[in-house]
Q: 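Submitted below is the structure of interest, expressed as structure tokens.
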There are 2 protein chains.
Amino acid sequence: MDTVKSSVGCVKTATEIIGDKWTPQLLRFFMNEDTVRFCQLQNLVGGVNPRTLSARLVHLEEQDIITKTNSLNSRCDYQLTKKGRDLMPVLRSMQAWSDQYASK
Amino acid sequence: MDTVKSSVGCVKTATEIIGDKWTPQLLRFFMNEDTVRFCQLQNLVGGVNPRTLSARLVHLEEQDIITKTNSLNSRCDYQLTKKGRDLMPVLRSMQAWSDQYASK
DNA sequence: ACAAATACTATACATTGTCTAGCGGAAAAA
DNA sequence: TTTTTCCGCTAGACAATGTATAGTATTTGT
């Protein structure tokens, strides 16, 4: 058998974020908007159900990719941390590929 | 509030590949190896079950990201198409982020 | 007071992934 | 030649995950 040693460079950590359904589309909005709210994401990313969206935001918060701040009137703002902003090159490369090969 | 406006660039097409569990890890091997075989992927990407692996390879083939060629002795070689090679920048940016923020 | 919006949660159900086992063909070992 | 092993899968039962739809509490507008 081949002895492929792959000690350097694993993609696993990133897949644990990017690999979750909806998460890339969600993060994409943070590229353009500084702060984002729950229902904005709900409206703009067509068809996420709120349970899934909630789970994603919790996960992203746990992973220190976004922070949640309660605005005064029982509303919440989500925004990227540095770790989250550092993910943007991934999103941009996905965008570039999608633009090139979009099927529809 | 300057550069990219949201109308251009959606990530959806890429997420339909990258978003599948195991697929980024699988594609990563194609970065290093020219041709890859089923059981190589099975062994090297710890813990994919063959059913899932089979489904991923079928999907990647359908999306024209890899091609399957039957070698003489009833073995199969998989290798990247151009479309697949064009995905490598995505993988590399995921690697870079993972290297920076790997939790363990 | 009443309706609409926000940020969710709850229940039931559908889809997807996983564990384990096994199959048929080909080549290597006995 | 028979047996064993490796390869590239597939099959069935089950567990985890995502979805549709509804509902809740709070706030804001009229």
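Proteins come first, then strands; the chains are lettered A, B, ... in the order of their sequence lines, and each starts at number 1.
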Q: Atom CG of A/Leu41 to atom C1' of C/dA5: distance rounded to whole Å?
A: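 The answer, rounded to whole Å, is 16 Å.
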Q: Nearest to the B/Arg75 side chain among C/dA7, D/dC6, C/dC8, which nucleotide is it?
A: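 Given the options C/dA7, D/dC6, C/dC8, the side chain of B/Arg75 is closest to D/dC6.
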Q: Provide, to the nearest angstrom, the distance between the NE2 atom belonging to A/His59 and the C1' atom belonging to D/dG18.
A: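 Answer to the nearest Å: 15 Å.
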Q: When you check the phosphate oxygens OP1 and OP2 of D/dT10, does a side-chain N or O of B/Ser54 lie under 4.0 Å from one of them?
A: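 Checking D/dT10 against B/Ser54, a side-chain N or O does come within under 4.0 Å of OP1 or OP2.
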Q: Would you say A/Thr52 places a side-chain N or O within less than 4.0 Å of OP1 or OP2 belonging to D/dT19?
A: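 Indeed, a polar side-chain atom of A/Thr52 lies that close.
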Q: Which one, D/dC7, C/dT18, C/dA7, comes nearest to the side chain of A/Phe38?
A: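 Selected nucleotide (nearest to the side chain): C/dA7.
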Q: Distance check, rounded to the nearest 0.5 Å: B/Ile66 atom CD1 versus B/Arg56 atom CZ?
A: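 The CD1 atom of B/Ile66 sits 12.0 Å away from the CZ atom of B/Arg56.
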Q: Take atom CG of B/Asn70 and atom P of D/dC7, then tell me their distance rounded to the nearest Å.
A: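 So the two atoms are 16 Å apart, to the nearest Å.
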Q: Among the candidates D/dC9, D/dG18, C/dT18, find the nucleotide nearest to the side-chain atoms of B/Tyr78.
A: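 Nearest listed nucleotide: D/dC9.
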Q: Please state how far atom CD in A/Gln42 lies from atom P in D/dA20, giving the value in whole angstrom units.
A: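 My rounded result for the distance is 12 Å.
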Q: Rounded to whole Å, please give me the gap between CH2 in B/Trp22 and P in C/dG17.
A: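 These atoms are roughly 12 Å apart.
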Q: What heavy-atom pair brings A/Glu16 and A/His59 nearest, and what distance separates the two atoms?
A: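 Nearest pair, atom of A/Glu16 first, then A/His59: O-CE1, 3.2 Å.
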Q: To the nearest angstrom, how far is B/Lys21 atom NZ from C/dT16 atom C1'?
A: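 Spelled out: NZ on B/Lys21 to C1' on C/dT16 is 10 Å.
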Q: Would one find a side-chain N or O of B/Arg56 under 4.0 angstrom from OP1 or OP2 of C/dG17?
A: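 Checking C/dG17 against B/Arg56, a side-chain N or O does come within under 4.0 Å of OP1 or OP2.
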Q: From A/Asp64 CG over to A/Lys82 NZ, what is the distance, rounded to the nearest 0.5 angstrom?
A: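 It comes to 11.0 Å.
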Q: Taking atom types as they are modelled, would you say the side chain of A/Arg51 forms a donor-acceptor pair with the base of C/dT11 within the 3.5 Å cutoff?
A: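 Looking at the base of C/dT11, it does pair with a donor or acceptor on the side chain of A/Arg51 (distance under 3.5 Å).
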Q: Take the protein atom CG of B/Asn49 and the nucleotide atom P of C/dG22, then report the distance between them rounded to whole Å.
A: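 Roughly 16 Å, once rounded to whole Å.
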Q: Can you measure B/Lys68 atom NZ to D/dG8 atom C1' for me and round it to whole angstrom units?
A: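 To the nearest whole Å, that distance equals 8 Å.
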Q: Which heavy atom of A/Leu91 sits nearest to which heavy atom of B/Val11, and what is that distance?
A: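 Closest pair (atom of A/Leu91, atom of B/Val11, distance): O-CG1, 3.7 Å.
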Q: Where the side chain of A/Thr35 meets the backbone of A/Gln79, is there a donor-acceptor pair that is under 3.5 Å apart?
A: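 No, because the side chain of A/Thr35 does not come within donor-acceptor range (under 3.5 Å) of the backbone of A/Gln79.
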Q: Which of the following nucleotides, D/dC9, C/dT6, C/dC8, is nearest to the side chain of A/Arg37?
A: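 Comparing D/dC9, C/dT6, C/dC8 against the side chain of A/Arg37, the answer is C/dT6.
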